[in-house]
Visitor: 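Please see the structure below; I have some questions.
Bear in mind that the values here come from a model prediction, so they are computed numbers and not experimental data. Both ligands and their constituent atoms are indexed starting at 1 by order of listing. The first residue of the sequence shown is numbered 1, and numbering continues consecutively from there.
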Amino acid sequence: MKQFISALDVTDINSLVQKALAYKNAPFKDKGLGKNKRIGCLFLNPSMRTRLSTQIAAQNLGMDAIVFNAGQDGWALEFEEEAIMSGNTVEHVKDAAPIMGKYFDVLAIRTFPSLKNKEDDYSELYINQFIKYAGIPVVSLESATLHPLQSLTDIITITEERKRSELTNTKPRIVLTWAPHIKPLPQCVANSFSQWVTAWDEAEFVITHPEDYELNEEFTKGATITTDQNAALKGADFVYVKNWSTYQDYGKIYCNDPEWMITTQKLALTNNAKVMHCLPVRRNIELSDEILDGPNSLVTTQASNRVWAAQAVLSEILNSGK
Ligand code: CP
């Protein structure tokens, strides 16, 4: 693996999942793999889980991890080619990225979308500029449109749960449901989950959202899509809850109907589904306390599995550079 930006960088999802689960069983079995290697983790936006799990994963492999809050502590970066830098940006990515390429063996980056300029966001301007100029493998810690480490984690968690509950004979029904929120959020997690679950091809996959919240078809091809949440939830084995803002009329909140929050009443429609969310979650807006604090919630397991997803990916990248 030369980079990790989306599901398209993975040739065999199940094998990567098994690799991650093997690290969960034996975190330090490849402690020598990253000896004298260094990962730079650049955050242009806030993070808790991604930041900590990536550092732990790197350390488990014997790598040094340096975290740089570029959005907060670094010079304001310019990403446009041929920009006349007379505004607020101080340093061009084509000057900064090659230096990072000299300091580090792997560069991991978190950027968010503007939610203002769909073309820029969906061209993945920021992360692609780092890929272009850093000259070393780049790992996405969430980009403008995708969150691949989260999605790999989600599939690891579903795989584990299916094994635990002996659900492995049939394709599970996985429902991705939109939920209300107070702010317009990126489509990254929903896009990415859809991309990974359809590429994985081991589930009956349903997406449900109110009208006007259609996602980019590039990521949802192969899914059943409905605006009837109750019908979608019927018989679900896994319910993935996430808010996203509108894609067509980009970055807006249209309907914010509280009826779309996942509660115990909604859960009663399912096949005693396990409930997933990438976190952070707005309690009693997206998901009720009863669900989050109850036995069907997988959110803590999901977040803890972030370490093994990152470790499997870093291991693939280190091995391919040998
Ligand atoms: N799920 C996730 O990416 O969490 P953080 O934003 O805290 O990293």
Visitor: Of the protein's non-hydrogen atoms, which lies at the shortest distance from atom 4 (O) of ligand 1, and what is that distance?
Guide: R49 NE, 2.9 Å
Visitor: Within ligand 1, which atoms have a heavy atom of L279 less than 4.0 Å away?
Guide: 1 (N), 2 (C), 4 (O)
Visitor: Quick one: look up the protein heavy atom nearest atom 6 (O) of ligand 1 and list residue, atom name and how far away it is.
Guide: R110 NH1, 2.8 Å
Visitor: Taking the six-membered ring of Y103, is NZ or CZ of R38 closer than 6.0 Å to its centre and within 45° of its axis?
Guide: no
Visitor: Under 3.5 Å, is there a donor-acceptor pair between the Y122 and N191 side chains?
Guide: yes
Visitor: Should the proximity of L141 to ligand 1, defined as any heavy atom under 4.0 Å, be assigned to the side chain, the backbone, both, or neither?
Guide: neither
Visitor: Tell me if the CG atom of D293 is crowded by more than 12 foreign heavy atoms within 6.0 Å.
Guide: yes
Visitor: Assess K29 against Y23: is NZ or CZ under 6.0 Å from the centre of the six-membered ring, and within 45 degrees of the ring's axis?
Guide: yes
Visitor: Is D289 salt-bridged to R283, cutoff N-O under 4.0 Å?
Guide: yes
Visitor: Please identify which atoms of ligand 1 are closer than 4.0 Å to at least one heavy atom of Q150.
Guide: 1 (N), 2 (C)
Visitor: Checking a contact table here: which protein heavy atom is nearest atom 7 (O) of ligand 1, and how many Å away?
Guide: M48 N, 2.7 Å
Visitor: Do me a favour and list the nearest non-hydrogen protein atom to atom 3 (O) of ligand 1 with residue, atom name and distance?
Guide: H147 NE2, 2.8 Å
